[in-house]
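Working notes, structure below.
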Amino acid sequence: MQITKNSVETTAGPSEWFTGTVYIDPVATPSGSSRLSASSVHFTPGARTAWHTHPNGQTIYVLEGVGRAQHRGGPVEIIRPGDRVFFEPGENHWHGATPDRFMVHIAMQQNDDSGSPVTWGEHVTDQQYEKEPTQ
């Protein structure tokens, strides 16, 4: 058993990865043979990730607020507390808060053999973000 005392400060999400104001708190980092990384991600209204992929897929679990998620070519979907979203390995996608609500989720993914959990792409445009979501 290993207990890690919380000594890491909340960090702002880098503008290369996010549109809007986003805060990230680490939950799990790869250690030993584990390749799992997880973070608690807090999105302010209108904030979202850039398009991105994960080599081994990603699961997000919504804790609070209301969010949006989309995979490339698919509809914008509304996500709410308790929803789990799995993005397939290599599936290009984005996720974030709705325009008028905060959203917090836990993001979980496994690093690839080189230690990378994600490949970032271009920013989601306002036109893409503002598409009418499915209910």
Side-chain angles (χ1 to χ4, degrees):
M1 179 172 83
Q2 177 182 353
I3 297 174
T4 303
K5 300 296 184 182
N6 187 3
S7 63
V8 179
E9 294 183 14
T10 296
T11 59
S15 61
E16 295 84 14
W17 301 350
F18 299 98
T19 296
T21 304
V22 176
Y23 298 98
I24 304 169
D25 289 299
V27 173
T29 56
S31 176
S33 63
S34 172
R35 300 189 324 172
L36 175 70
S37 63
S39 297
S40 176
V41 186
H42 301 245
F43 295 85
T44 60
R48 66 236 187 219
T49 68
W51 288 100
H52 62 287
T53 63
H54 298 275
N56 295 303
Q58 180 188 47
T59 298
I60 61 173
Y61 179 76
V62 181
L63 296 172
E64 59 184 89
V66 181
R68 292 181 173 187
Q70 181 184 27
H71 68 94
R72 181 80 72 184
V76 175
E77 303 276 354
I78 294 294
I79 53 176
R80 294 181 172 84
D83 289 351
R84 291 179 311 278
V85 182
F86 176 69
F87 300 102
E88 295 285 340
E91 183 176 24
N92 203 3
H93 67 281
W94 65 268
H95 35 93
T98 60
D100 57 353
R101 296 285 303 268
F102 287 84
M103 192 269 289
V104 179
H105 70 49
I106 300 291
M108 299 163 274
Q109 55 277 318
Q110 292 187 31
N111 291 357
D112 63 14
D113 292 336
S114 70
S116 175
V118 62
T119 299
W120 290 100
E122 75 276 10
H123 282 273
V124 173
T125 66
D126 289 344
Q127 183 180 13
Q128 291 169 323
Y129 173 76
E130 292 166 358
K131 281 187 180 174
E132 190 65 30
T134 61
Q135 298 298 322

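Just so you know, residue 1 is the first one in the sequence shown, and it goes up from there.
A donor-acceptor pair under 3.5 Å is absent between the side-chain atoms of Ser39 and the main chain of Ile24, judged by distance alone. Not a single donor-acceptor pair under 3.5 Å links the side chain of His42 to the backbone N or O of Val104.
Here CD of Glu91 is found 10.0 Å from NE2 of His52. Values are rounded to the nearest 0.5 Å. With rounding to the nearest 0.5 Å, the separation of NE2 in His123 from CH2 in Trp17 is 11.5 Å. Separation of atoms CZ (Arg72) and CH2 (Trp51) is listed at 4.5 Å; rounding is to 0.5 Å. Met103 CE to Ile79 CD1: the interatomic distance, rounded to the nearest 0.5 Å, is 4.0 Å. Here the CD atom belonging to Gln58 is positioned 12.0 Å from the CD atom belonging to Gln110, to the nearest 0.5 angstrom. With rounding to the nearest 0.5 Å, the separation of OG1 in Thr98 from CZ in Arg68 is 6.5 Å.
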Verdict with supporting geometry, Trp94 and Gln128, side chain to side chain donor-acceptor pair (under 3.5 Å): CA-CA 10 Å; Trp94 65 268; Gln128 291 169 323; 6.0 Å; no
After noting the C-alpha distance and the side-chain angles of His71 and Glu77, does the key distance pass the side-chain contact (heavy atoms from CB on, under 4.5 Å) rule? CA-CA 9 Å; His71 68 94; Glu77 303 276 354; over 6 Å; no
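Under the 4.5 Å side-chain heavy-atom criterion for ILVMFWY residues, a single connected hydrophobic cluster contains both Val85 and Val22. Note on Ile78 and Leu63: separate hydrophobic clusters, where clusters join Ile, Leu, Val, Met, Phe, Trp and Tyr whose side-chain heavy atoms are under 4.5 Å apart, directly or indirectly. If you chain together hydrophobic residues whose side chains sit under 4.5 Å apart, Ile60 and Val66 never meet in one group. Put simply, Val27 and Val62 are part of two different groups of oily side chains (I, L, V, M, F, W, Y) that touch within less than 4.5 Å, one to the next.
Taking the six-membered ring where tryptophan is involved, the planes of His95 and Phe43 are perpendicular, since the angle between them exceeds 60° and thus also 30°.
Asp113 CG: 12 or fewer foreign heavy atoms inside a 6.0 Å radius. Around CD of Glu122, the count of heavy atoms belonging to other residues, nucleotides or ligands within 6.0 Å exceeds 12.
Across Val118, Asn111, Thr29, a single residue satisfies side chain to side chain contact (heavy atoms under 4.5 Å, CB included) together with Ser37, and that is Asn111.
Nearest heavy atoms, Ser116 versus Pro55: O-CG, 3.5 Å. Between Pro99 and Pro45, the shortest heavy-atom contact is O-CB, 3.3 Å. Between Met108 and Ala38, the shortest heavy-atom distance links the atoms CG-CB, 3.8 Å.
The shortest distance between side-chain heavy atoms of Val76 and Tyr129 does not fall below 4.5 Å. Side-chain contact between Tyr23 and Thr11 is absent, with no heavy-atom pair separated by less than 4.5 Å.
In this structure Arg48 satisfies the salt bridge (charged side-chain N to carboxylate O under 4.0 Å, His left out) test together with Asp126, sequence neighbours excluded.
Side-chain contact annotation: Asn92 with Thr53, donor-acceptor N/O pair under 3.5 Å absent.
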